[in-house]
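Quantities reported herein were computed from a predicted structural model and do not represent experimental measurements.
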Amino acid sequence: MRADGFIPYGCQSIDEDDIQAVVDVLRSPIITQGPTVRKFEQAFAEKVGAKYAVAVNSATSALHIACMAANLSEGDELITSPNTFVASANCGVYCGAKPVFADIDPRTYNIDPIEVENRLNKDTRIIVPVHFAGQSADMKRLKKLADAHGTRNGEKIYLVEDASHALGSFYFDTPVGACEYSDVAVFSFHPVKHITTGEGGIAVTNDRHLYERMQMHRSHGITQSPEYLERKSPGPWHYQQVILGHNYRITDIQCALGLRQLEKLDQFVRRRREVVDQYNEALAGVPNIIAPFEAERSHANFHLYVLQIDFERVGISRTALMTELREKKIGTQVHYIPVHTQPYFQKHFGYKDEDYPQALAYYSRCLSFPLYPKMTRENVDHVVSAIKRVTCR
Ligand SMILES: *Cc1c(COP(=O)(O)O)cnc(C)c1O
């Protein structure tokens with residue numbers, strides 16, 4: 001709850017200990033590209049069970065370096081879910097590739113492997129499953145599909161998980177990010193996500209080659225590593241730009257916050273789960289709404305609490321409901337406007353709204369309700385009674 005009593009749909013949890021860690025770096029001699037970035041990467045990789053991590057200034061950048069490291073380029077296709085933030089598709093467009101969408105499973109709201117299979121062809125180079133609201137996509141089936149197909153050059157199809165929602169989630173018994181069924185997994189540290197660095201993101205992998213290429217892409221395509229140098233080094237000042245990269249670096253100031261936040265992840269996940277349980281219990285049996293479905297294989301961290309509401313039967317439009325809730329100091333949000341309906345994607349790639357009927361149907365009914373670790377039981381009660389008042393009148 002904010003000072004004015006408003007309950008937003010999502011909110012970071014920052015305490016004095018986090019603030020002190022940031023201040024400590026500000027007082028230290030190195031505030032970027034220093035030891036704290038490295039420490040954060042190591043702690044993060046260990047937490048999710050991956051070998052390597054490359055921390056960057058956003059998850060969008062992390063998706064982009066992953067695509068570049070996999071050599072995604074013009075003539076290639078990237079398949080992702082329409083039910084995601086635009087960044088999951090834009091990373092492919094940055095590389096000149098065509099973004100292709102595969103419709104969602106109406107129960108999990110995640111990409112449907114059958115729809116992926118229908119779109120695989122010789123131009124497919126990358127599949128980007130999105131673990132919507134923290135529930136893992138069906139990675140085993142997607143990995144099988146990727147392995148059974150190849151690109152036109154006989155190369156493999158990469159799996160890059162957009163795990164922006166899924167830090168702290170498990171798929172069967174493995175933490176999301178261990179990359180058991182993928183090449184790279186990407187996480188976001190935007191303030192509404194599980195842990196924050198203000199802005200920030202990370203790409204994790206078990207593949208040393210991808211790791212080193214992502215590191216180069218983070219910083220201009222520059223390297224000092226003997227393995228990648230194309231000419232003999234004349235001295236210790238020397239570096240070489242061997243590919244075209246960007247400046248996607250994150251600061252030590254941000255990573256100090258990230259390190260402290262990471263220590264609290266389990267606590268954040270636990271508290272979110274309690275809030276979700278309270279919602280589910282209180283809303284059981286309420287007509288015209290569908291609560292989140294959890295597949296057995298998935299142990300979601302619950303990034304979002306999404307209800308599907310039959311607005312027509314309830315007799316209120318989504319806009320009217322959002323406005324009414326806002327007056328009661330309750331924030332809600334829509335996740336997501338299907339990416340293929342965005343003007344940019346329709347103009348440049350010819351998509352039509354009706355191309356992905358499941359995503360569209362879901363979109364017409366979804367609404368995300370407040371969920372964050374600092375929510376109290378009273379906050380949840382307040383939201384629940386507001387929902388009941390509207391849907392049961
Ligand atoms: C938040 C988010 C992103 C982008 O993350 P940034 O760190 O803001 O770049 C990408 N994909 C999904 C699914 C997200 O939720």
Side-chain angles (χ1 to χ4, degrees), residues 22 25-26 28-46 48 50-73 87 90-97 126 128 158 160-164 177 179 183-190 195-259 262:
V22 172
V25 169
L26 285 170
S28 78
I30 300 176
I31 59 171
T32 192
Q33 293 190 274
T36 316
V37 174
R38 203 59 221 113
K39 256 195 221 161
F40 180 53
E41 288 174 336
Q42 279 166 356
F44 193 95
E46 192 176 321
V48 300
K51 275 196 190 145
Y52 309 107
V54 182
V56 288
N57 58 0
S58 72
T60 306
S61 302
L63 286 165
H64 190 195
I65 60 171
C67 288
M68 288 188 292
N71 277 321
L72 185 70
S73 45
N90 284 345
C91 58
V93 182
Y94 298 150
C95 296
I126 299 187
V128 180
Y158 288 84
V160 174
E161 300 172 71
D162 184 344
S164 293
C179 297
D183 299 285
V184 178
V186 164
F187 297 85
S188 171
F189 308 128
H190 180 278
I195 68 168
T196 190
T197 60
E199 296 278 0
I202 205 164
V204 296
T205 183
N206 294 324
D207 180 321
R208 194 173 67 91
H209 180 68
L210 285 175
Y211 167 60
E212 287 167 349
R213 283 182 55 87
M214 289 195 292
Q215 277 187 318
M216 282 194 271
H217 278 293
R218 164 174 63 185
S219 196
H220 306 281
I222 281 171
T223 183
Q224 290 181 309
S225 148
E227 199 180 329
Y228 288 89
L229 292 179
E230 292 184 12
R231 297 181 198 143
K232 194 173 158 334
S233 167
W237 71 87
H238 193 75
Y239 59 81
Q240 284 170 25
Q241 183 188 341
V242 293
I243 50 178
L244 183 64
H246 293 71
N247 178 355
Y248 283 163
R249 295 187 302 257
I250 191 168
T251 63
D252 285 58
I253 306 167
Q254 292 167 293
C255 289
L257 179 55
L259 265 170
L262 192 61

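- When all heavy atoms are compared, the tightest approach of A55 to V37 is CB-CG1, 4.5 Å.
- Contacts of V93 classified as side chain to side chain contact (heavy atoms under 4.5 Å, CB included), with partners at least two apart in sequence or in another chain: P99, Y344, F345, F349.
- Remark: A66 engages V160, V184, M214 in a side chain to side chain contact (heavy atoms under 4.5 Å, CB included) (not counting sequence neighbours).
- Here the side chain of E46 pairs no donor or acceptor atom with the backbone of A43 at under 3.5 angstrom.
- Side-chain contact between T251 and I31: absent, with no pair of heavy atoms (C-beta onward) separated by less than 4.5 Å.
- A69 approaches L210 most closely through the heavy-atom pair O-CD2, 3.7 Å.
- Residue pairs meeting the salt bridge (Lys or Arg N to Asp or Glu O under 4.0 Å) criterion with at least one partner in residues 214-239, sequence neighbours excluded, are E41-R218, R208-E227.
- For the residue pair C67 and G92, the shortest heavy atom distance occurs at SG-N, 4.5 Å.
- Atom SG of residue C179 and atom NZ of residue K51 lie 11.0 Å apart, to the nearest 0.5 angstrom.
- Residues V186 and I202 form no side-chain contact, since every pair of their non-hydrogen atoms from C-beta on lies 4.5 Å or further apart.
- Of all the heavy atoms in T197 and G258, the pair that sits closest is CG2-CA, 3.7 Å.
- A parallel orientation is assigned to the rings of Y248 and H246, their planes being inclined by less than 30° (bins at 30° and 60°).
- Put simply, SG on C255 and CZ on R38 are 10.5 Å apart, with the number rounded to the nearest 0.5 Å.
- Under the 3.5 Å distance criterion, the side-chain polar atoms of N247 are matched with a main-chain donor or acceptor of R249.
- Counting heavy atoms from C-beta outward, L257 and F40 have side chains that stay 4.5 Å or more apart.
- Taking every heavy atom of both residues into account, V128 and I126 meet most closely at CG2-CG2, 3.7 Å.
- For P234, the side chain to side chain contact (heavy atoms under 4.5 Å, CB included) test picks out W237, H238, with sequence neighbours left out.
- With sequence neighbours excluded, the residues forming a salt bridge (charged side-chain N to carboxylate O under 4.0 Å, His left out) with D183 are K156, listed by chain and number.
- Looking at Q254, its side chain does come within 3.5 Å of a backbone N or O of E199 through a donor-acceptor pair.
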> Given the rule in the side chain to side chain contact (heavy atoms under 4.5 Å, CB included) test, do L259 and F44 qualify, once you have shown the distances and angles that lead to the verdict?
Replying inline: CA-CA 8 Å; L259 265 170; F44 193 95; over 6 Å; no
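- Taking the ring pair (Phe, Tyr, Trp, His ring centres under 6.0 Å) definition, one finds that Y158 meets it with nothing, sequence neighbours left out.
- For the atom pair CG of D207 and CD of E212, the computed distance is 9.0 Å after rounding to the nearest 0.5 Å.
- In this model, a donor atom of one side chain and an acceptor atom of the other lie less than 3.5 Å apart for D162 and S164.
- By the ring pair (Phe, Tyr, Trp, His ring centres under 6.0 Å) test, H217 is found to be paired with no residue, residues two or more places apart in sequence or in another chain being considered.
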> Please walk me through it: do C95 and S73 pass side chain to side chain contact (heavy atoms under 4.5 Å, CB included)?
Replying inline: CA-CA 5 Å; C95 296; S73 45; 5.7 Å; no
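- When the side chain to side chain contact (heavy atoms under 4.5 Å, CB included) test is applied to T223, the partners found at least two apart in sequence or on another chain are M216, S225, Y228, L229, V242.
- Judged by distance alone, with hydrogens and angles left aside, the side-chain atoms of Q241 form a donor-acceptor pair with the main-chain N or O of I243 at under 3.5 Å.
- Considering only residues two or more places apart in sequence or on other chains, H190 meets the ring pair (Phe, Tyr, Trp, His ring centres under 6.0 Å) condition with none of them.
- The closest side-chain heavy-atom distance from I253 to T32 is not below 4.5 Å.
- Judged as a ring pair (Phe, Tyr, Trp, His ring centres under 6.0 Å), and not counting sequence neighbours, the contacts of Y211 are Y52.
- Annotation: side chain to side chain donor-acceptor pair (under 3.5 Å) contacts of N57 (sequence neighbours excluded): S61.
- Looking at D252, its side chain does come within 3.5 Å of a backbone N or O of G34 through a donor-acceptor pair.
- Shown here for T60 and A87, the closest heavy-atom pair between the two residues is OG1-CB, 3.5 Å.
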